[in-house]
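Written out below as structure tokens is the structure these notes cover.
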Amino acid sequence: MRDSANTPVPRRGLVALAGAAVLAEALPPRPALAQGGPLRVGLMLPFSGTFAALGENIAAAFEMHLAERGGRMGGRPVQIIRLDDESNPANAVQNVNRLVSRDRAEALVGTVHSGVVMALVQAARERGVPLIIPNAGNVAATRELCSPTVFRTSFSNWQPAYGMGLALGKQGAKRAAWVTWDYAAGNEAGEGFRQGLAAGGGEVVRELKLPFPETNFQPLLAQIPGLSLDAVGSFFAGGGAVQFVREYAAAGLKERVPLCGSGFLTEGTLQAQGAAAEGIRTALHYGDGLDNPKNTAFRRAFRERANRDADVYAVQGYDAAQLLGIGLDAVRGDISAEKELTRAMRGARVDSPRGAFTLSPSHNPVQNIYLREARSGENRVVGVAAEALADPGTGCRMS
Amino acid sequence: MIVASRAGHAALALAALAVALMPLWASGYHVQLASTALVAAMFALSLQLLVGAAGMVSLGHAAFFGIGAYAVHLLPAGLSILFTLPASALLAAAAALPVGALSLRTRGFFFLMTTLAFGQMLFFLFHDTPLGGGKDGVFVSRPALEAFGFAFEVPRRSRPTVLLLLNLGVLAAMYAGLAALMGTLFGHALRGIRENEDRMRALGYDTRRVKLAAFVLAGALAGVAGHMSAMTEAFVNPELLGWHRSAEGLLMILLGGLGALHGPILGAAAFVGLGEAATLLTERRRLVEGLVILAVVLVLPRGLAGLRLGLLRRREPAPVAAAAAEP
Amino acid sequence: MNPAALEAVGLTRRFGGLTAVSDVSLRLSVGELHAVIGPNGAGKSTLVNLLSGELRPSAGSVRLGGADATGWPPWRLAQGGVGRSFQRTNVLRGMTVFENARLAAQSRAFGLSRWLRAAAAEAGPIAGARAALARVGLSEAEGAVAGTLSHGQLRLLEIAMALATAPTVLLLDEPLAGMGPEEGERLAALLKALSRDHALLLIEHDMDVVFAVADTLTVMVDGQVLERGPPDRIRASAAVREAYLGHEV
Amino acid sequence: MDVSGLLAQVLNGLQYGLLLFLISSGLTLVFGVMGVINLAHGSLFMIGAYAAFAITRLTGALWLALPAAVAGGLLFGALLERVLFRRFYRREHLDQVLLTFALILLFEEARSALLGNDFHSVPAPAVLDFSVPVTAAFSYSAYRLAVLAVCLLVAVLMFLGIERTRLGSAVRAAAEKPEMVELLGLDARRIHMVVFAVGTALAMLAGALAAPLQSVYPNMGDGFLIVSFVVVVVGGVGSVAGAFWGALLIGLVDTLGKAYVPGAAGLAVYVLMAAVLLWRPGGLFARGA
């Protein structure tokens with residue numbers, strides 16, 4: 001047992017692991033032993049599939065911060081166990097089982113896909129394993145499903161869209177439509193957009209939706225001219241965003257009704273969108289040209305380490321590592337001290353490249369939402385859409 | 001379809017005993033994996049009632065599995081399993097009734113296509129509407145283990161063991177029930193329909209009604225399997241209803257052997273084991289799965305167990321066009 | 001004459017432009033062996049399929065025991081007492097002879113409330129199946145898988161299955177086809193015996209057998225009834241001789 | 001409801017329906033002639049789309065992808081028929097289902113290994129990268145109109161091929177009554193291979209045409225496969241005309257449903273299918289139903 005705890009758990013070492021596990025089952029738990037060995041942190045992220053690039057950036061930035069700390073948190077060496085979740089919700093529960101039961105991860109970081117993250121949240125709630133979500137924005141994770149052991153270093157779907165709606169309303173837009181895939185992320189963002197726009201003095205007059213991940217946008221686009229709108233807000237991501245932005249322009253709508261949206265509409269997609277995206281305004285908690293020393297240093301370091309440019313996902317992964325580090329330092333590596341660990345993390349002030357943030361009572365970042373404009377392949381920050389915005393955290397009752 | 005001999009049943013009982021004792025000899029992870037396999041076996045067994053017993057190949061069966069699972073979410077939390085289990089079965093049966101009544105107006109390939117389409121319709125119902133919490137799925141609170149005023153509190157540590165035994169018990173009951181069913185007049189009628197439906201009609205059997213009964217019963221049993229899935233994983237998502245899962249059920253049946261009632265149980269164990277081995281060997285799980293299916297259908301058309309007796313198989317004699325719709 | 005057990009009134013069936021059966025009326029009564037003869041393509045098998053419900057008539061009606069049964073599906077006519085054999089052997093080849101006969105017998109025990117009865121405990125169907133097999137002389141072979149039987153045995157099993165459903169009407173479509181002379185003779189005797197307590201419709205090409213056993217003959221040509229009557233009269237009919245018998249007998 | 005909006009929606013519905021026709025006509029023919037259900041038919045569509053993506057990325061010319069998809073589809077289909085499907089005509093449904101399910105997994109895996117799992121958009125050819133105003137306030141991309149025209153052309157060619165050529169009439173006979181092939185002394189093997197190759201080519205052509213409209217993404221064939229099944233059930237057995245009218249009907253119902261009954265958008269086509277099953281279980285356009 002001592003040996004197996006000191007060496008990395010190999011993916012193929014199932015037999016050895018099973019043998020060790022039998023021993024572990026037979027003997028009472030020995031916390032003293034656990035403290036001496038490395039702390040096993042499970043990184044459950046997509047390393048293949050549609051979101052592989054996001055997973056790689058999150059993991060790389062997480063490991064970068066760990067390296068900055070000399071590979072230790074709270075005085076203990078940290079051993080990272082990567083597991084590819086393929087963004088496949090069908091295998092999510094089993095994958096979490098693999099990390100927690102087979103590989104004995106003591107803290108979890110993950111993931112991108114909002115369906116897969118549910119299995120992680122459940123493990124955190126049921127088994128008390130601390131979890132940091134470095135991307136997936138389902139509002140539920142920090143609202144009704146909030147838990148003392150669940151933290152997020154990214155955003156809630158509500159936040160960027162609220163910022164966009166607010167900025168739009170303040171600019172004088174009165175009537176807007178909301179276009180999205182009809183699924184949780186799109187509808188949560190839609191809720192934010194509606195509330196933000198209302199706070200700014202405007203109104204969402206129509207919601208246009210299509211099933212995820214269909215890309216037959218034409219039936220929706222054909223309705224827009226008849227609605228006499230000041231703006232169209234939208235939530236799409238990845239290839240769907242590329243397709244939507246291009247078709248929006250091709251339908252001749254871009255000049256008539258300005259398109260805007262939650263930042264993912266143009267995040268990592270500007271190359272493919274080309275001229276169709278030029279001038280589109282979006283809101284997000286990060287952007288290009290964000291000028292602060294932390295960001296500059298972070299981007300340079302990431303570029304050196306990973307040989308590619310940092311993006312919002314890398315920032316979120318980096319901050320996940322920072323947050324875990326703060327918690328473990330406070331308990332000097334004794335992760336079994338759940339109460340003190342979570343108290344320290346809850347009260348953390350994370351010095352993020354996006355600008356420092358704190359956590360709301362439901363463990364979601366309280367952060368600036370920046371207004372950005374797509375200009376020659378970059379999402380340039382042109383202002384702050386909403387300052388120190390907190391997710392309302394409705395329905396969260398920490399037990 | 002044959003039911004195992006006395007020796008076969010003894011072997012099955014021994015295997016069940018070994019599974020029941022797993023918490024003593026296997027890791028916690030493998031105990032959970034065994035629960036997954038048991039649930040898969042329930043699902044495949046319910047599908048076997050259609051495919052093996054009555055010769056109806058359905059690609060929409062997972063929808064009823066998923067509905068059984070979602071029933072746990074839709075019902076109020078904290079109810080006893082004595083209530084939620086039958087409720088899941090009933091809800092799944094209620095969905096299977098109209099789907100079966102419509103699909104059974106067709107035969108053969110058309111049956112396959114219509115079940116697939118209706119199955120996907122139910123999938124979209126949970127995937128695209130707020131009914132079940134959307135595409136990301138939702139947590140469910142596990143039904144309570146209480147009966148007749150006696151509540152059984154399960155501490156977190158021993159939960160996998162309790163779930164394992166529970167799943168084993170449900171699977172055993174399902175198997176015993178189906179074995180008995182095969183010996184009833186209904187079971188005989190199903191077997192006759194699988195052999196030669198037209199002749200059965202000429203003999204005086206209202207074959208469509210018999211098939212519908214089998215379809216609804218299989219749906220209800222899939223609902224039971226879905227309930228146990230939700231109970232085991234405490235999480236449901238729309239993928240549970242997807243047609244890929246139906247196809248996986250068919251694969252389990254083929255792996256285990258089409259001719260025997262216990263085939264799907266062997267097949268489910270093989271399937272889960274295969275998936276586990278595949279993830280240990282390679283990142284490309286689909287590649288392994290696809291190659292194994294190809295190998296089985298090309299090289300071992302009678303399944304791993306070799307239990308698909310040639311005599312029990314019926315060639316499809318009817319021209320497709322004529323079989324498309326009943327007059 | 002006994003009242004009609006099964007009756008066809010003006011039955012017509014068209015396939016696209018072709019009229020396979022045209023305005024055929026027919027009465028089958030218990031105690032009578034009614035044979036339908038005619039050249040190939042005369043519509044004999046179509047007539048059987050109309051009477052057993054496999055096909056729906058384009059016009060005309062089917063009456064079962066005096067009540068209208070037009071458009072009933074096969075299973076319902078079978079439940080009403082119409083048993084049939086098929087021109088091309090149609091049994092459950094993967095099952096044993098006994099299982100085939102028992103399934104046939106069980107169809108009558110298969111009321112909705114009885115679906116879940118254990119088949120092994122149902123004495124009636126088991127006895128019925130044995131009796132039917134005994135009557136056609138297949139008792140010896142009851143353990144054999146149907147797919148392994150000889151052609152003659154399969155023809156007998158067809159009849160045994162029809163018998164096991166305890167029908168009042170038997171529609172037998174060329175039961176003697178492909179049988180040896182000895183087998184044929186025995187079967188002819190069986191048919192004659194069966195006609196005493198069944199209303200029996202026989203389609204057959206072997207004229208010697210037909211004229212030996214039939215009480216009434218209907219001659220069909222081109223989907224229509226050409227002539228009807230006792231064997232002597234048919235044998236004497238010039239029209240029949242010209243249209244049909246002339247070049248076959 | 002404004003009339004010009006409706007016009008745009010009808011145009012959308014027709015374009016979607018014609019694309020569906022290319023996919024489902026192959027499905028229904030393969031099914032009618034050989035009695036094989038091909039679940040991997042949607043994957044062939046996916047392969048066509050990814051091929052268009054790859055060709056466009058390599059050469060920058062989408063128009064090259066169309067003949068490539070047709071030629072590649074003919075070859076690939078003939079190969080599949082020769083190596084795999086030929087052995088399965090007389091096998092049980094279950095075996096056919098699992099064979100073609102395995103092909104889906106393998107095709108997706110090959111796609112993943114060769115081209116990755118990303119969602120890619122495919123640019124429309126530069127010549128057609130402009131918009132044609134269809135109503136005062138709404139424009140329609142020229143490429144969509146071109147797709148409409150190509151699909152119509154293919155449909156006309158198919159009807160001519162099936163109605164006017166000897167091979168076509170053999171295929172028609174085989175689809176209506178498979179046993180006819182042997183009675184008429186036709187070369188069944190040749191007919192099977194031709195039908196399968198043409199069906200594959202049509203699906204891949206549809207994929208290539210759709211790539212700029214739909215983008216390409218993993219499992220993109222799944223949705224089309226299911227809807228094509230609905231088309232075949234609604235249209236009727238083994239009949240190209242049934243597939244044509246069925247596809248247009250489904251295309252219009254789906255598009256108009258999404259535009260005007262957003263709450264029940266996804267369900268409209270299934271409701272239609274249920275109605276057809278109740279009313280004419282053999283399909284709306286089945287002969288002699």
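We name chains A, B, ... by the order of the sequence lines, and we start the count at 1 in each one. Basis for what follows: all heavy atoms, side chains included, without hydrogens, waters or symmetry-related copies.
With 3.5 Å as the limit, one finds no donor-acceptor pair spanning the side chains of Y205(B) and H188(B).
Counting heavy-atom pairs closer than 4.5 Å to chain B, the top-ranked of the candidates A104(C), A78(C), A119(C) is A119(C). Your options are Q106(C), R76(C), R108(C), and the one with the most heavy-atom pairs under 4.5 Å with chain B is Q106(C). Annotation: maximal heavy-atom pairing with chain C below 4.5 Å, among L181(B), D206(B), V210(B), L203(B), occurs at D206(B).
Here the straight-line distance linking atom CG of L255(B) with atom CG of L250(B) works out to 11.0 Å at 0.5 Å rounding.
Pairs engaging residues 118-131 of chain C under the side-chain hydrogen bond (donor to acceptor under 3.5 Å, both in side chains) rule: R114(C)-E122(C), R130(C)-E142(C) [sequence neighbours left out].
Neither the backbone nor the side chain of A180(B) comes within contact range of chain C; no heavy atoms are under 4.5 Å apart. Of the two parts of T165(C), only the side chain, counted from C-beta on, holds a non-hydrogen atom closer than 4.5 Å to a non-hydrogen atom of chain B.
Geometric assessment of R107(B) against the ring of F110(B) yields a negative cation-pi assignment under the 6.0 Å and 45° thresholds.
Between H9(B) and Y175(B), the angle of the ring planes goes over 60°, which puts this pair in the perpendicular group of the 30/60° scheme.
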